[in-house]
Amino acid sequence: MTKTALELEHLTPFMREIALLPKEERIKRILADRWLGYTKAEEAVNKLEALIVHPKRQRMPNLLICGPTNNGKSMIVEKFRRAHLLENKGHYPENDRPILVVQMPSDPKISRFYSILLHGLEINLRLRPRVSDLEIMTLQVMKRVNVRILIIDETHNILAGTTASQREFLNLLRFLGNQLKIPIVCVGTREAYFAIRSDDQLENRFEPFTLPLWKDDHELASLLASLTSTLPLQKPSSLMDPEVIRFLLDKSEGTIGEIITLLNKAAILAIESGEERISKENLARIDYLSPTERRRISERDLIQ
Ligand SMILES: Nc1ncnc2c1ncn2[C@@H]1O[C@H](COP(=O)(O)OP(=O)(O)OP(=O)(O)O)[C@@H](O)[C@H]1O
Ligand SMILES: [Mg+2]
């Protein structure tokens, strides 16, 4: 019997319509990125919102968002960037670039980093200026377009450089903060925290904010509830069973990225098989390897 949108009460009103689309459409939806709010992520976004409107002062507050890989750090930055620009449409002059998000390169060099900042502001250099000129130019441009917050993702890459280059980068962060009087947000894994902590002056300027691994608690239950209400399946799934939760946490090793990958695969299988719901049984059948299993297989293949 074909369902109507009204019968799909386990879904959000928007998803009810989607759940009636053809299989291929629904699978495409599942694979596209979508934002799920959870307490820690909302807290982090609120902190970024507070920083961007922080009045200028000699010593600006900074933030260090850190957590394991695949645990939602970059998604938070992107959510903040989009939501802030959308909500403040028309508020900033057209040529302003209030939010500058860049990634620390994996071969950290000061000149490269300045070029990346400029590139983030749509300025591509054809010549190769000296570092001192790049520095002046970058500061000028950042001031001209009124950058109000600088977010540096993958900050742990600082540690890929020599000790001298690490020191240079930490000095650069302090220098940029002092010169521009804007908050700086560093984002990265635990190593980013160690890098910042190695400099006393930076350590007390950066408030750490951690995104820990997920565990069996109320937060996970609420994440799973919002996740299932946004997966376009025609029957309600049963994810609250303690056995299912244990399976999810064991397999995913506790990161949001892996939990979502796992459940997306289960949802796709549920659509393809016609079961239309995620259950213990179809979770056991999905083609999914945990991060440790994947690593073990690649290592084995490398040794052969
Ligand atoms: N709030 C969220 N809503 C929905 N999906 C999310 C959310 N946060 C993370 N994810 C999922 O987890 C994946 C990994 O998230 P993200 O790229 O933000 O991790 P990360 O912590 O930046 O990892 P890395 O340190 O490796 O860069 C995303 O591609 C997305 O599928
Ligand atoms: Mg990331």
Side-chain angles (χ1 to χ4, degrees), residues 33 35 44-45 47-54 56 60-66 72-161 165-166 168-189 192 195-196 202 205-206:
D33 260 340
W35 171 257
V45 171
K47 276 186 185 287
L48 295 171
E49 284 291 351
L51 283 178
I52 197 170
V53 294
H54 196 286
K56 269 205 192 316
M60 291 298 281
N62 298 321
L63 184 67
L64 169 62
I65 301 180
C66 57
K73 303 181 294 295
S74 302
M75 285 285 278
I76 288 172
V77 170
E78 186 53 18
K79 169 72 177 172
F80 158 70
R81 197 183 65 79
R82 280 207 209 173
H84 184 86
L85 295 179
L86 196 68
E87 276 158 31
N88 291 279
K89 223 173 170 186
H91 170 75
Y92 297 113
E94 203 189 323
N95 292 327
D96 273 20
R97 294 287 176 274
I99 304 174
L100 176 55
V101 181
V102 294
Q103 289 203 4
M104 184 62 77
S106 51
D107 56 332
K109 292 207 181 62
I110 300 285
S111 56
R112 177 96 201 284
F113 186 67
Y114 277 127
S115 308
I116 286 174
L117 289 175
L118 287 170
H119 181 73
L121 297 169
E122 293 135 56
I123 294 188
N124 294 310
L125 300 168
R126 264 181 251 121
L127 301 170
R128 282 204 183 174
R130 284 181 311 192
V131 176
S132 52
D133 292 335
L134 264 174
E135 176 185 304
I136 296 170
M137 196 169 157
T138 309
L139 289 178
Q140 273 175 353
V141 177
M142 286 178 79
K143 283 182 187 161
R144 190 171 70 223
V145 298
N146 289 314
V147 174
R148 284 160 194 255
I149 189 167
L150 168 62
I151 305 181
I152 308 169
D153 202 350
E154 312 274 336
T155 304
H156 45 264
N157 281 343
I158 289 185
L159 291 180
S165 118
Q166 290 173 28
E168 246 185 331
F169 259 104
L170 297 174
N171 286 339
L172 173 66
L173 291 183
R174 216 169 330 116
F175 172 75
L176 286 176
N178 291 343
Q179 289 290 315
L180 298 163
K181 304 210 172 36
I182 58 170
I184 298 179
V185 178
C186 287
V187 181
T189 56
I196 301 272
L202 276 182
R205 280 176 166 86
F206 276 84

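Quick caveat: nothing in here was measured; it's all calculated off a predicted structure.
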- Could you give me the CA-CA distance, side-chain angles and deciding distance for E135 and F175, then say whether side chain to side chain contact (heavy atoms under 4.5 Å, CB included) is met? CA-CA 10 Å; E135 176 185 304; F175 172 75; 3.3 Å; yes
For the [atom1] atom of [X] and the [atom2] atom of [Y], what is their distance to the nearest 0.5 Å?
{"X": "I152", "Y": "I158", "atom1": "CD1", "atom2": "CD1", "answer": "7.0 Å"}
{"X": "I65", "Y": "I151", "atom1": "CD1", "atom2": "CD1", "answer": "7.0 Å"}
{"X": "I99", "Y": "I149", "atom1": "CD1", "atom2": "CD1", "answer": "7.0 Å"}
{"X": "F169", "Y": "I196", "atom1": "CZ", "atom2": "CD1", "answer": "11.5 Å"}
{"X": "L150", "Y": "L173", "atom1": "CG", "atom2": "CG", "answer": "8.0 Å"}
{"X": "L202", "Y": "C186", "atom1": "CG", "atom2": "SG", "answer": "8.0 Å"}

What I'd like to find out is whether the side chain of [X] reaches to under 4.5 Å of the side chain of [Y], using heavy atoms alone.
{"X": "E168", "Y": "L172", "value": "no"}
{"X": "R205", "Y": "N178", "value": "yes"}
{"X": "I182", "Y": "I52", "value": "no"}
{"X": "V77", "Y": "V185", "value": "no"}
{"X": "I76", "Y": "V187", "value": "no"}
{"X": "V145", "Y": "L100", "value": "no"}
{"X": "P98", "Y": "L85", "value": "yes"}

Looking at every heavy atom in both [X] and [Y], which two are closest together, and how far apart are they?
{"X": "I123", "Y": "M137", "answer": "CG2-CE, 4.4 Å"}
{"X": "A192", "Y": "T155", "answer": "CB-CB, 4.0 Å"}
{"X": "Y114", "Y": "T138", "answer": "CD2-OG1, 3.4 Å"}
{"X": "S106", "Y": "A160", "answer": "O-CB, 3.5 Å"}
{"X": "I184", "Y": "G177", "answer": "CD1-N, 3.6 Å"}
{"X": "K56", "Y": "K181", "answer": "NZ-O, 3.4 Å"}

- Task: Please answer whether the main-chain N or O of M104 pairs with a side-chain N or O of N157 as donor and acceptor at a distance below 3.5 Å.
- Result: yes
- Query: Looking only at atom types and distance, does a side-chain atom of H156 sit under 3.5 Å from a main-chain N or O of G188, one as donor and one as acceptor?
  - Reply: no
- Note on the structure: Sequence neighbours excluded, the answer for side-chain hydrogen bond (donor to acceptor under 3.5 Å, both in side chains) partners of R97 is E122
- Would you please test L134 and L118 for side chain to side chain contact (heavy atoms under 4.5 Å, CB included) and show each step? CA-CA 9 Å; L134 264 174; L118 287 170; 3.8 Å; yes
- Would you mind listing every ring-ring contact (aromatic ring centres under 6.0 Å, His included) that reaches into residues 79-104, with sequence neighbours excluded? F80-H84, H84-Y92
